[in-house]
Amino acid sequence: MEIFIFQWAYLNFPAKDLLRCQSKDVIEAHFMSSVKEADALKHKSQVINEMQKKDHKQLWMGLQNDKFDQFWAINRKLMEYLPEEGGFRYIPFRIYQATGERPYVQKLFRPVASDGKPHTLGDIVKEVCPEAHPTEDGEKKYQVVIHGIEPLMETPLQWLSEHLSYPDNFLHISIIPQPTD
């Protein structure tokens with residue numbers, strides 16, 4: 001029976017919708033690659049490059065085994081910045097759109113504007129996906145969702161990145177059509 005279930009799952013895998021990972025090692029490598037990419041955006045890779053191999057392993061094992069303290073002991077370093085820097089260099093983010101032709105949009109975006117004001121969720125949405133930004137009269141055609149919640153558009157991006165990033169250190173933002181009911 002187990003072989004039948006395995007074969008059924010293998011043959012019916014939704015390969016056009018999901019990335020098939022052949023082993024745990026492939027999943028670990030993909031995760032670590034994403035963490036390194038996020039650190040390159042935030043800290044020019046300085047934090048991840050200063051870590052030892054055992055730190056990388058502890059980060060992965062903490063995530064894999066659902067050991068928050070083990071994971072956070074290492075991930076905390078990736079979320080820190082010097083006060084004089086005022087935040088990360090760039091915000092690691094991906095915006096997913098149900099109607100987009102690409103799976104996600106990602107570009108360089110600083111947490112602070114050139115005038116020194118903190119960028120907000122509304123700023124990044126207006127820049128990357130303007131049709132999802134509420135109109136001047138407050139009409140919303142789309143919901144902007146992170147971790148299943150709809151943060152205020154005025155929320156600073158730096159704060160969102162520090163507090164709502166996923167374990168890969170990216171801020172994953174979904175833009176979905178506003179429900180009609």
Side-chain angles (χ1 to χ4, degrees), residues 30-48 51 59-60 62-63 66-181:
H30 180 75
F31 170 74
M32 288 307 300
S33 177
S34 292
V35 170
K36 289 175 182 179
E37 181 182 354
D39 190 51
L41 292 167
K42 292 193 294 191
H43 308 108
K44 298 182 185 178
S45 298
Q46 292 172 344
V47 176
I48 200 81
M51 290 181 182
L59 186 69
W60 170 247
L63 178 66
D66 199 25
K67 304 277 190 203
F68 178 77
D69 292 338
Q70 180 181 354
F71 172 82
W72 190 248
I74 302 302
N75 196 62
R76 174 183 293 118
K77 299 171 190 173
L78 294 164
M79 292 307 229
E80 295 173 344
Y81 59 90
L82 298 173
E84 61 270 12
E85 293 172 349
F88 302 138
R89 248 179 79 234
Y90 296 102
I91 299 294
F93 77 93
R94 292 186 177 142
I95 292 184
Y96 303 85
Q97 303 172 48
T99 59
E101 63 275 357
R102 296 186 292 177
Y104 60 84
V105 177
Q106 176 179 332
K107 63 188 290 185
L108 295 177
F109 202 87
R110 294 191 182 274
V112 178
S114 57
D115 63 5
K117 287 185 187 174
H119 272 134
T120 65
L121 178 60
D123 294 330
I124 201 167
V125 169
K126 192 182 288 185
E127 168 90 17
V128 176
C129 188
E131 67 276 5
H133 196 273
T135 60
E136 293 296 321
D137 63 0
E139 180 190 5
K140 286 175 42 178
K141 295 179 182 175
Y142 296 90
Q143 287 181 308
V144 178
V145 179
I146 304 171
H147 281 292
I149 61 170
E150 197 172 356
L152 297 174
M153 288 292 193
E154 299 80 25
T155 309
L157 268 181
Q158 179 68 39
W159 187 91
L160 287 170
S161 187
E162 289 175 46
H163 300 281
L164 291 181
S165 285
Y166 283 69
D168 65 359
N169 281 253
F170 273 83
L171 194 58
H172 294 276
I173 304 167
S174 297
I175 296 181
I176 55 176
Q178 184 75 17
T180 56
D181 54 319

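Lys36 pairs with exactly one of Val47, Leu41, Ile48 by the side-chain contact (heavy atoms from CB on, under 4.5 Å) rule, that one being Ile48.
Side chain to side chain, Tyr96 and His172 meet the donor-acceptor criterion of an N or O pair below 3.5 Å. Counted by atom type alone, Gln178 and Glu139 present zero donor-acceptor pairs between their side chains at under 3.5 Å.
Classified by interplanar angle (parallel below 30°, tilted 30° to 60°, perpendicular above 60°), the ring pair Trp72/Phe68 is parallel. Note: His119 and Phe109 have tilted aromatic rings, judged against thresholds of 30 and 60 degrees for the angle between ring planes. Between Phe71 and Phe31, the ring-plane angle classifies as tilted under the 30° and 60° cut-offs.
Nearest heavy atom pair, residue Gly86 against residue Val112, reads O-CG2, 4.3 Å. For the pair Ala38 and Asp168, the tightest heavy-atom approach, listed with the atom from each and the gap, is CB-O, 3.7 Å. Considering every non-hydrogen atom in both Ser165 and His147, the closest pair reads O-NE2, 4.0 Å.
Of the possible polar contacts, one joining the Arg89 side chain to the Ala40 backbone as a donor-acceptor pair under 3.5 Å is found. Between the side chain of Lys42 and the backbone N or O of Leu78, at least one donor-acceptor pair lies under 3.5 Å.
Residues Glu162 and Tyr81 are in side-chain contact: their nearest non-hydrogen atoms beyond the backbone lie under 4.5 Å apart. Val145 is listed as a side-chain neighbour of Gln143, based on a closest heavy-atom distance under 4.5 Å. Contact check for Phe88 versus Arg110: no side-chain heavy atoms found under the 4.5 Å cut-off.
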Would Asn169 and Asn75 count as a side chain to side chain donor-acceptor pair (under 3.5 Å) if you check the C-alpha gap in whole Å, the side-chain angles of each, and the deciding distance to 0.1 Å?
CA-CA 8 Å; Asn169 281 253; Asn75 196 62; 2.8 Å; yes

